[in-house]
Amino acid sequence: MSDTNTDLNVLLDINERGVATVTINRPEKHNAFDDTVIADLTRAFTEVANNPKARVLILASNGKSFSAGADLGWMKRMASYSYEENLTDAEALAEMLRVLNFMPIPTIAKVQGAAFGGAVGLVACCDMAIASNRASFSLSEVKLGLIPATISPYVIDAIGARASRRLFQTAERFSAELAQQLNLVSDIVEPEQLDAQVEVMVTALLANGPSAMAQAKQLVFDVQGQAITPELIHETSKRIAAIRVSEEGQEGLGAFFDKRPARWVAQINTATKDA
């Protein structure tokens with residue numbers, strides 16, 4: 001399935017391998033987002049999350065910039081909103097970020113250029129980010145007398161409190177190299193290698209059990225920050241025992257010992273050949 005209307009602010013494509021690509025399509029605005037784009041992204045992410053054929057999500061954008069963050073026209077409108085209107089507006093952005101962060105399939109941010117303000121939140125909500133060495137980042141909200149509130153849970157989780165205390169307050173522009181050191185970015189490549197490196201990651205993910213990846217991702221959410229108690233040890237033991245006897249676990253183990261591709265790999269190979 002594919003959105004072929006290039007006039008849309010957000011494009012969605014799901015190919016025969018189950019790779020979903022959500023693309024912000026406002027290059028003339030440096031892919032800045034407003035309330036309409038936020039609603040479109042929320043719908044696209046929700047559609048992918050509810051599609052059983054979707055195996056991996058790539059978040060991308062068209063043009064030079066990944067995203068300049070909030071659209072200037074939208075910010076101008078927000079300046080005249082009441083507190084209640086601003087709260088409704090902020091909660092819509094927060095919901096979009098939540099849906100992306102808790103996507104049940106692996107998510108990859110493909111960052112070709114500048115990612116400012118709320119766009120850093122989009123990157124932080126993805127499981128991994130691959131960036132061009134020309135990409136740059138800034139948590140720029142305080143320059144406008146604002147704060148990066150709705151994105152803060154995800155950014156702090158990604159880069160830590162110490163780095164957040166600095167970058168939230170300085171609003172400085174930082175490089176892809178520093179973003180990688182802070183764990184915001186997974187890999188850095190030359191611009192012309194960006195597509196190929198994303199494909200390397202996609203291929204690696206598609207070789208893994210779909211249910212196992214979903215459960216592994218949820219495991220991080222559930223275990224992170226927990227004290228290592230007898231209850232937690234018992235819970236994690238229950239989870240590995242359950243997946244070992246599951247249909248997917250049995251198939252994966254059987255394929256390994258039989259030295260053959262697992263069913264999910266064979267299905268993708270067949271779909272690719274038929275396309």
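FYI, side chains are in, hydrogens and waters are out, and symmetry mates aren't considered; it's all heavy atoms of this structure.
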Requested in this report: Please confirm whether the backbone N or O of S67 pairs with a side-chain atom of S65, one donor and one acceptor, at under 3.5 Å?
Outcome: no
Taken in chain and number order and not counting sequence neighbours, the residues that satisfy side-chain contact (heavy atoms from CB on, under 4.5 Å) with A196 are none
Residue pairs meeting ring pair (Phe, Tyr, Trp, His ring centres under 6.0 Å), one or both in residues 19-38, sequence neighbours left out, come to none
So ring pair (Phe, Tyr, Trp, His ring centres under 6.0 Å) across residues 46-67, not counting sequence neighbours, yields none
* Asked: Should L144 and F137 be regarded as members of a common hydrophobic cluster, given that ILVMFWY residues are connected when their side-chain heavy atoms come within less than 4.5 Å of each other, either directly or indirectly?
  -> yes
Using atom types as modelled and distance alone, determine if a side-chain donor or acceptor of D71 lies under 3.5 Å from a backbone N or O of D34.
no
**Item:** Salt-bridge contact R77-D35 (side-chain N to carboxylate O under 4.0 Å)
**Value:** yes
Residues at least two apart in sequence or cross-chain that pass side-chain contact (heavy atoms from CB on, under 4.5 Å) with A216, listed by chain then number, are none
> Does some side-chain heavy atom of N62 sit less than 4.5 Å from a side-chain heavy atom of L11?
Replying inline: yes
Q112 side chain vs P191 backbone, donor-acceptor pair below 3.5 Å: no
For I147, the side-chain contact (heavy atoms from CB on, under 4.5 Å) test, sequence neighbours excluded, returns A149
Sorted by chain and residue number, the side-chain contact (heavy atoms from CB on, under 4.5 Å) partners of E199 (sequence neighbours excluded) come out as R17, V202, T203
- Task: For the residue pair D222 and Q218, confirm or rule out a side-chain donor-acceptor distance under 3.5 Å.
- Result: yes
Across all chains, not counting sequence neighbours, the ring-ring contact (aromatic ring centres under 6.0 Å, His included) partners of Y81 are none
Within the side chain of E248, is there an N or O that forms a donor-acceptor pair under 3.5 Å with the backbone of A212? yes
**Study point:** Check: N101 side chain, L97 main-chain N or O, donor-acceptor pair, under 3.5 Å
**Key:** no
Contacts satisfying ring pair (Phe, Tyr, Trp, His ring centres under 6.0 Å) that involve residues 205-255 (not counting sequence neighbours) are F102-F221
The complete set of side-chain hydrogen bond (donor to acceptor under 3.5 Å, both in side chains) pairs with one or both residues in residues 125-138, sequence neighbours excluded, reads T107-D127, D127-K217, N133-E190, S136-R173
When L178, V185, N183 are each screened for side-chain contact (heavy atoms from CB on, under 4.5 Å) with Q181, the one that passes is L178
Please check this pair: side chain of R55 against backbone of G18, looking for a donor-acceptor N/O pair closer than 3.5 Å.
no
What one should report as the nearest heavy-atom pair of F168 and V142 is O-CG1, 3.3 Å
Next on the checklist: Determine whether a donor-acceptor pair (N or O, by modelled atom type, separation under 3.5 Å) exists between the side chain of E251 and the backbone of E247.
Outcome noted: no
For W74, the side chain to side chain donor-acceptor pair (under 3.5 Å) test, sequence neighbours excluded, returns D89
| Is L139 close to V155 at the side-chain level, that is, under 4.5 Å between some pair of heavy atoms? | yes
Sorted by chain and residue number, the side chain to side chain donor-acceptor pair (under 3.5 Å) partners of T229 (sequence neighbours excluded) come out as E231
Side chain to side chain donor-acceptor pair (under 3.5 Å) filter on E235, not counting sequence neighbours, yields R239
